[in-house]
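Residue numbers start from 1 in every chain, and the chains themselves are labelled A, B, ... in the order their sequence lines are given, proteins ahead of strands.
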Amino acid sequence: MTPLNKHQSYFAAIGHRFSGVLLSLFLPVHFLLLGTALEGEANFDRYLAFADNPLVKFAEWGLVILLSLHLFFGLRVLMLEFTSWPATKHLGKGENPMIRRWSSWVIPSVIASAFIGVIFLVQSF
Amino acid sequence: MKERHLFLLQRLSAIFLAPLVVLHLVVIMIAVRNGLSAEEILNRTQGNYFWGGFYVLFVVSVSIHAPIGIRNVLREWTAIPKTQVNQICIFLAVIFLMSGLRAVAAVI
Amino acid sequence: MPTNNSNSEQTAKQEMLEVRVWRGQGQGQLKPYQVPLRKNQTVLDVITEIQRLQAPDLSYRFSCRVGVCGSCAMTVNGKPRWTCRTHVSKVADEGVLTIEPLRNLPKIKDLVCDLAPFIDTWQKAGAVFKPTGTRYDAPAKVDPDSACRRAADASLQCINCAVCYSACDVVNWNKDYVGPAALNRAWTLLNDVRHDERAATLDKVFEDGGCGSCHSHGNCTRHCPIELSPSASIAGLKRTLFTGLPGK
Amino acid sequence: MLKIERHTTDILILGSGGAGLFAALHAKQQNPDLDITIAVKGLLGKSGCTRMVQGGYNVALNPGDSIERHFMDTIVGGKWLPNQDLAWKLCVTAVERIQELENELGCFFDRNPDGTLHQKAFAGQSFDRTAHKGDLTGIEIINRLMEKVWTLNVNKLEEHRAIELIPAADGSGIAGVLMIDIRTGSYRYIQAKTVLLGTGAGPSMYRYHTPSGDKSCDGLAMGLRYGLALRDMEMVQFHPTGILAGSATRMTGTILEEGLRGAGGYLLNGSGERFMQNYHPAAERATRDIVSRSMYNEMKTGNTTPEGGLFIEMAHLGPDNVRDKFPGMVKRCEDCGFDLAAGRVEVVPTAHYMMGGIEMGIDCTTSSPGLYVAGEDAGGVHGANRLGGNGVANSTVYGGVAGEEMAKAIAAGAPLRDADEVVIESGIARAEHPFSQPPGDMMALRETLWGDMWDHVGILRTQKSVQQGQHCLRQHRDSLNNVGLTDANRAFNLTWHDWLNLDSLIDISCVIASASLAREDSRGAHYREDFPDTGALETSAYTLVSGNPENIHCEMRQVEFSIVQPGESLIEGEAGAPPPTTA
Ligand SMILES: Cc1cc2nc3c(=O)[nH]c(=O)nc-3n(C[C@H](O)[C@H](O)[C@H](O)COP(=O)(O)OP(=O)(O)OC[C@H]3O[C@@H](n4cnc5c(N)ncnc54)[C@H](O)[C@@H]3O)c2cc1C
Ligand code: HEM
Ligand code: SF4
Ligand code: F3S
Ligand code: FES
């Protein structure tokens with residue numbers, strides 16, 4: 001069987017899911033490392049030095065992008081679910097306007113997230 | 001707890017998280033500008049009830065939001081049985097909450 | 001006397017359509033056929049022509065042939081569609097058609113699926129009307145412009161074609177999920193002031209595998225051939241968490 | 001010998017249209033413990049024509065309307081041929097039935113601003129009495145009914161095709177039904193205390209026809225072989241505006257709704273001129289039979305469209321207006337490549353409904369104990385013409401009646417009868433026959449059958465044309481018997497079922513031809529060019545056909561005017577006249 005033809009809102013859903021899962025994996029680690037500050041400023045600075053490592057920076061950069069992506073896609077879901085739909089029976093009038101509107105939200109979301117990533121990079125170097 | 005409550009909690013926490021995440025992103029942007037130092041961060045946060053409250057809220061919301069999200073993912077994409085998925089997610093929520101609150105305590 | 005022979009079809013060189021049809025019982029694969037391209041031709045016509053002239057044992061299902069019975073849905077070039085109302089010119093991709101049975105349903109033979117699991121979702125979703133009146137009462141007065149009636153109207157007249165069910169990835173991922181069509185029907189019932197157990201229907205709708213399992217992918221709405229919006233109905237159901245039952 | 005699976009049930013229902021589903025429902029309501037089995041050629045509720053109902057459901061609900069009015073319209077519309085008791089019961093029970101559909105099953109019909117049911121006008125009626133849901137009323141009716149029957153504890157044999165009614169060995173009544181499980185291709189025999197025939201007839205032996213693909217007069221053909229008599233079989237209703245898109249598409253013959261003509265649509269001949277005013281003062285707005293006949297006459301002059309039909313044109317009403325008012329029809333045309341709103345669509349009259357059918361008693365009984373009939377399979381309710389909106393009323397009303405009566409019969413001790421095994425064997429032999437023949441051109445046979453019925457026993461008939469038709473039918477019978485199938489895979493073998501469809505259609509075509517020859521007058525749907533007069537109403541007689549297709553017997557029976565005599569009326573004003581409220 002050929003798989004379902006993928007469409008923008010499918011990519012939004014998958015993007016939302018991957019970003020959510022990755023965030024969930026990262027966040028406890030982030031919390032634990034932050035928590036090491038309990039053992040004093042020295043520890044904390046060591047953590048921050050570690051965080052200055054380009055590789056780690058790169059990872060953080062990725063996470064900022066994931067967070068903003070998840071935010072935009074999450075807002076998309078919330079808008080679809082909790083704002084009102086136009087009169088829904090459009091015989092002969094083509095794709096549902098609500099679906100169209102929030103599909104066209106997908107690419108700008110990706111661009112905006114990339115943009116936030118760029119700012120992050122510019123800011124941190 | 002019924003499915004409808006889990007669903008409601010996840011959406012409510014999402015609505016809550018949205019502004020928090022926006023703020024957090026802004027703070028990161030400003031903070032990273034000159035390279036981070038412990039002193040700076042701690043100066044900003046220590047003894048500050050606003051940031052204290054902010055991060056507690058963040059941690060609590062995420063501890064609700066993320067495990068419920070992961071629960072859906074595991075139910076749909078893995079063959080792990082229902083009860084085990086629930087146990088995993090409760091465990092996750094506890095981890096999120098403990099580690100998160102410990103971190104908040106550390107920086108406040 | 002009138003005849004039905006159209007000479008427009010007797011052009012010197014007949015253009016052909018490459019058709020690949022999923023054949024098999026349980027297991028199967030795509031088999032290639034060639035069918036002349038015609039002016040008035042739906043996907044169902046293409047399949048019919050193959051069965052009549054090339055593969056007499058090709059199985060498919062249809063009944064009304066005008067888009068009201070929802071029997072003829074198949075996967076056409078990757079998308080679920082009603083084949084009796086799908087003009088070939090709208091979907092043939094450079095003269096190629098790939099026709100397979102619907103996704104997310106057990107296959108019977110060739111292009112025929114078992115719709116029973118789909119039909120069962122109505123009960124699972126609590127989409128069953130409970131009357132308040134009897135055959136001896138006059139029909140209830142319902143203001144055609146009331147919000148409820150409009151909401152019910154907008155989601156009525158589903159033809160149970162299972163296109164949405166087949167288009168939804170969550171149905172594929174989550175065996176417990178009842179899917180868009182049944183939830184859409186449940187929504188009409190919640191907006192039906194004559195329905196007796198609206199609260200019970202609402203409870204049922206939120207059970208495991210109910211509307212909380214929908215991730216608002218919207219593919220159901222995108223494919224529904226009669227342009228209903230199951231996504232809107234499901235969103236309506238979700239919103240009752242904040243607003244309670246839709247007002248009368 | 002092939003293995004046959006055997007089962008036993010209390011009530012066996014054939015077909016799941018309005019008749020079949022209502023029978024199941026009402027039988028269960030009488031006694032929930034009954035073991036009920038529904039066997040249907042397609043999917044339950046998704047096959048047949050009840051689902052395809054567009055216009056709506058006739059019922060005298062409005063205080064300004066009355067049962068008497070509805071009844072008189074039915075009798076006058078049926079040209080005094082209906083069985084008056086049946087017609088009366090239809091009009092009375094329709095009220096209860098529509099309220100059951102609305103209140104108990106949850107159909108949500110359209111409303112007036114004051115909240116009451118909206119009822120619209122259908123040609124040939126003296127009141128706006130057609131309840132509806134938009135222009136797709138059947139979906140609403142059958143979906144609610146189907147949802148209800150899904151929840152009942154009934155045995156569903158979907159994709160099971162009945163092929164023979166099996167009498168009791170001792171001749172005391174019906175014993176059961178032989179069928180083919182379409183999905184596996186194997187045979188099944190269901191023994192039952194009572195059997196309902198609700199297979200919906202369907203005139204699909206004409207080149208252009210509206211019914212769903214699963215309808216091929218199987219019930220009538222089985223009934224005839226079983227020994228039942230069929231009445232009014234010459235009465236085949238043609239709908240004026242079927243889509244004409246060539247023989248290679250199944251779209252051809254499907255309906256464009258009547259409202260298009262009502263709203264002011266034009267019918268044009270091949271040179272693009274209106275012609276209806278030459279035939280009738282009401283022009284395009286005349287009743288179905290008149291418009292169909294006029295269109296056929298116009299087509300006979302040869303001034304036709306490329307496909308041999310006529311055009312319907314709406315553009316003068318403003319394309320946007322048309323799109324707004326008839327979104328469903330515009331979309332339907334667009335899906336098959338036509339522009340109804342701004343362009344022209346080729347149309348042709350199309351065979352729509354069979355008024356005739358198995359003779360039925362007021363309690364849906366037939367002449368054979370235990371065997372019941374309802375819906376389009378039954379004859380006598382409509383006479384020479386069926387009013388738009390009386391078809392679905394008929395199937396739902398009498399389906400329900402049949403269900404109640406069957407439950408009562410079982411309560412009164414209806415027995416399980418032992419089958420006449422010889423008939424089971426001959427039934428199987430009949431279905432097996434094509435496998436013993438070399439494969440042949442069934443396509444061509446179908447097309448010639450369609451064409452011959454259309455040309456010779458169609459909208460206009462003469463003695464000569466019908467006899468010519470009969471001659472052709474005899475040849476088609478021979479050809480069919482010589483066309484075979486390769487016995488590769490019987491599971492879901494549609495070509496086998498195409499063969500069986502043709503088998504039924506040829507038999508019933510012979511019946512139609514024979515009744516058409518017997519009726520030497522013109523009324524309602526039946527028009528004899530050699531006998532154009534209606535004839536005296538007082539001596540109205542109906543046709544009754546029995547026997548087997550090779551040896552058909554047709555007699556004329558005097559209509560009993562049990563309620564009202566020709567010349568009398570139960571109402572003031574004119575039955576069948578357009579309602580005062582409509583334009
Ligand atoms: C396009 C269209 C529009 C119509 N519009 C209107 C309208 O507006 N108003 C109106 O009053 N009437 C209308 N009618 C007529 C109306 O639909 C029918 O008169 C009525 O619904 C017939 O109901 P039924 O139950 O007898 O048969 P159907 O609903 O046709 O059901 C027949 C059933 O029998 C099954 N069957 C057939 N053969 C076999 C077999 N061998 N074994 C087992 N099962 C079998 C079929 O699969 C089907 O389930 C319309 C008809 C058509 C085709
Ligand atoms: C910016 C604020 C956030 C918003 C608006 C938001 C919104 C949402 C929404 C609406 C969903 C449900 C998606 C669905 O069911 O299809 C969701 C799922 C999820 N969220 Fe968030 N979220 C936010 C922050 C977070 C954070 C910080 C994390 C992790 C630490 C997270 C992890 C997840 C996970 C794992 C899922 C499940 C994904 C899925 O089911 O596909 N979210 N989020
Ligand atoms: S909602 Fe639309 S796609 Fe889904 S079953 Fe109903 S008609 Fe088909
Ligand atoms: S595609 Fe599926 S996920 Fe929800 S919005 Fe439609 S049911
Ligand atoms: S055949 Fe009925 S919807 Fe296509």
Where [X] and [Y] come nearest, the two heavy atoms and their spacing:
X: C/S59; Y: D/F492; result: OG-O, 2.7 Å
X: C/V66; Y: D/M52; result: CG2-CE, 4.1 Å
X: C/R65; Y: D/R250; result: NH1-O, 2.8 Å
X: D/T249; Y: C/N40; result: CB-O, 3.6 Å
X: C/K90; Y: D/E334; result: NZ-O, 3.5 Å
X: D/R111; Y: C/P139; result: NH2-CB, 4.4 Å

Does the side chain of [X] reach to within under 4.5 Å of the side chain of [Y], using non-hydrogen atoms?
X: C/L53; Y: D/M443; result: yes
X: C/I159; Y: D/I139; result: yes
X: C/W122; Y: D/T151; result: no
X: D/N489; Y: C/Q25; result: yes
X: C/Y136; Y: D/E96; result: yes
X: D/R51; Y: C/N160; result: yes
X: C/V68; Y: D/R332; result: yes
X: C/P131; Y: D/N103; result: no

Stepwise side chain to side chain donor-acceptor pair (under 3.5 Å) check, C/Q51 with D/T495: CA-CA 8 Å; C/Q51 177 244 330; D/T495 308; 2.9 Å; yes
Geometric cation-pi criterion D/R144 and C/F129, 6.0 Å radius, 45° cone: no
Distance, nearest 0.5 Å, that separates CD of D/E140 from CG of C/L156: 4.0 Å
Rounded distance (nearest 0.5 Å) linking atom CD of C/Q157 with atom CZ of D/F108: 12.5 Å
If we define contacts as heavy-atom pairs under 4.5 Å, which of [options] has the most with chain C?
options: D/L117, D/N493, D/N143; value: D/N143
options: D/A488, D/G42, D/A491, D/G45; value: D/A491
options: D/G213, D/G48, D/G106; value: D/G106
options: D/G302, D/G138, D/P113; value: D/P113
options: D/E158, D/E100, D/E104, D/R97; value: D/E104

Check each atom of [X] against the heavy atoms of chain C and say whether the ones under 4.5 Å are side chain, backbone, both or neither.
X: D/M442; value: neither
X: D/R446; value: side chain
X: D/T252; value: backbone
X: D/D498; value: side chain

Neighbour count >12 (heavy atoms, 6.0 Å) for atom CG, C/D145: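 Yes, enclosed.
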Heavy atoms of other groups near D/K148 NZ, more than 12 under 6.0 Å: no
